[in-house]
Number of protein chains: 2
Amino acid sequence: MPGKPGSGKSVRRKSELGAARSAAVASESPWARPRRRSREREIKRDAVILTAARAFQRRGYHNTSLDDLAALLGVTKPTLYHYVTNKEEILFECFRTGLDQIRAGLREADASDAPARDRLALVVRRYAAAITSDFGWCMVRAEDQDLSHEMGAAIKALKSEIDQGLRRLLRAGIGDGSIAIATEPKLTAFALAGALNWMGHWYRAGEALSSDEVAEGFMVLFGVGPATKAQRGRYNGRSKTAQSSGRKE
Amino acid sequence: MPGKPGSGKSVRRKSELGAARSAAVASESPWARPRRRSREREIKRDAVILTAARAFQRRGYHNTSLDDLAALLGVTKPTLYHYVTNKEEILFECFRTGLDQIRAGLREADASDAPARDRLALVVRRYAAAITSDFGWCMVRAEDQDLSHEMGAAIKALKSEIDQGLRRLLRAGIGDGSIAIATEPKLTAFALAGALNWMGHWYRAGEALSSDEVAEGFMVLFGVGPATKAQRGRYNGRSKTAQSSGRKE
DNA sequence: TAATATAATTACCGGTGAGTATCATGCGGC
DNA sequence: GCCGCATGATACTCACCGGTAATTATATTA
């Protein structure tokens, strides 16, 4: 139906539409109907994203058709379009969900006043957990090539934020003496991110090591772990503090 | 043409075919020679693979049609089928070509009697060079998901060979005292491979650091570089020999 | 129960892209 | 000149897939 308002080619986020509506029509009109954000809907949308992430992980983005995805969910393809605007958006959400897990760890670390080494360890653990999660594949393997310009740029920004966060922690660690590395933070961050991202390729559920253990191993490997002797002399034994402090984990 | 011998569904390597033929028909028959291994043909085939690798790197495997590829080569699609059996084979060759560069480095290292640390350094340099080459993308980003079972298994085997080679070198280094790492070889190899593979994502031609320099940096980072106190003697006199070969950037 | 919004379905469209059947040309050897 | 072969182009098929229109089912509310 060509006359239906708002159904044009432009990609309209449902939320934006809703916001515009409620802002325009004010609140006393009976039509301003608070747009009962039925929780149900978001749950289903999340199920679409999660199922898609798993399917993409197994068969790849391009080898997973929307019919496949719909079948996995026990519905038909058009139903999917009630929750997402197109396939690209699904990939984008997978991307974002995974990256957000890491960014959450980063913010958590920023809010802490533990030594930088411990904050970095936290982020690395979160990173490893995210990579080995259902959304890990999308972060590592899916490529910006499959995203539109805007979405690709958005993902790139998120990735950059994570990269910068790692570098900042490394610099902070050098500053407060809790980290001693032999190479510059930039290269170190690249190497660390690479090692972590690669987990997405080899780490399988049921691996002998938990993702936390791998994260710990990488910290040691990069010379910023508790087992490094170089650390011992530089700053005292308080390195365990944040490790066992009330963090949920 | 269903009648043409050897043109069935099975993927036959041209070289194997040629070898089998010449072995069977001996060398005096006038029909034995027609295998005029016209060098021209292999050159063209290589061009197909290389051009494909570059296109895949930029736009991705699934976003590059054979028509695109043909256009890049200034021919039409059916022409491509004179040199490869299908698109999958192109991807496989890209994979293999890249991996072979690393395997060559591995064999080179095995043939050397230098300390394991230097042999590892050589492999890491070769690895970094391969990843930043035109075929780097295929090794890292392209996934086995797009390959048939047999080809996927073949690639997996090659990858495993490389992984085992890295572990072997690490163990050898621990054995001869030229490498001192704080974690087990398996995890170290994963981290090292990950850091190197990730170069395919961030390294661009014209980067401030050459791939050799990055490789050197990683060696340092992983505690097996020349800056490590465990290595006091600059015993590496020959490690520069192979360094300058191969890179064009 | 009527009105309405949402949810999901059936049936389709348009485009694309891998792979093929068939014909045309150039070339070396007889 | 003719045959065989390699190489290439034109024009096509065939299936799949993303996305949509029209329609039915379900639930909520007045």
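Chain naming here is simple, since letters A, B, ... match the order of the sequence lines and numbering starts at 1 in each.
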Legend entry - A/Arg125 charged N/C atom sitting above A/Phe218 aromatic ring, 6.0 Å / 45°: no
Inset, instruction - State which of D/dG18, C/dA18, C/dA8 makes the closest approach to the side chain of B/Lys87. - result: C/dA18
Inset, instruction - Pull out every residue in residues 72-80 of chain B that has a heavy atom closer than 4.0 Å to any atom of DNA chain C, ordered by number, or say none. - result: B/Lys77, B/Pro78
Inset, instruction - Could you verify whether a donor N or O on one side chain and an acceptor N or O on the other, from B/His62 and A/Asp146, lie under 3.5 Å apart? - result: no
Inset, instruction - Please report, rounded to the nearest Å, how far the P atom of C/dA18 is from the CG atom of B/Leu69. - result: 10 Å
Legend entry - Presence of salt bridge, B/Glu93 and B/Arg96, under 4.0 angstrom: yes
Inset, instruction - Identify which nucleotide among D/dT7, C/dG19, C/dG17 has an atom closest to any side-chain atom of B/Arg41, counting heavy atoms from C-beta outward. - result: D/dT7
Inset, instruction - Would you check if the side chain of A/Asp68 reaches a backbone N or O of A/Ser65 as a donor-acceptor pair within less than 3.5 Å? - result: yes
Legend entry - Nucleotide of D/dG8, C/dA18, D/dG19 approaching B/Ser65 most closely (side-chain heavy atoms): C/dA18
Identify every side-chain donor-acceptor pair in residues 153-162 of chain B under 3.5 Å, counting partners at least two apart or on other chains, and give the distances.
{"unit_1": "B/Glu161", "atom_1": "OE1", "unit_2": "B/Arg103", "atom_2": "NE", "d": "3.1"}
{"unit_1": "B/Glu161", "atom_1": "OE1", "unit_2": "B/Arg103", "atom_2": "NH2", "d": "3.4"}
{"unit_1": "B/Glu161", "atom_1": "OE2", "unit_2": "B/Arg103", "atom_2": "NE", "d": "3.1"}

Inset, instruction - Enter the inter-axis angle for the ends of the helix from C/dT1-D/dA30 to C/dC30-D/dG1 (five pairs per end, rounded to 10°). - result: 0°
Inset, instruction - Round to the nearest Å and state the distance from B/Ile43 atom CD1 to D/dT7 atom P. - result: 12 Å
Inset, instruction - Can you label the angle between the B/Trp202 ring and the A/Phe190 ring as parallel, tilted or perpendicular, going by 30° and 60°? - result: parallel
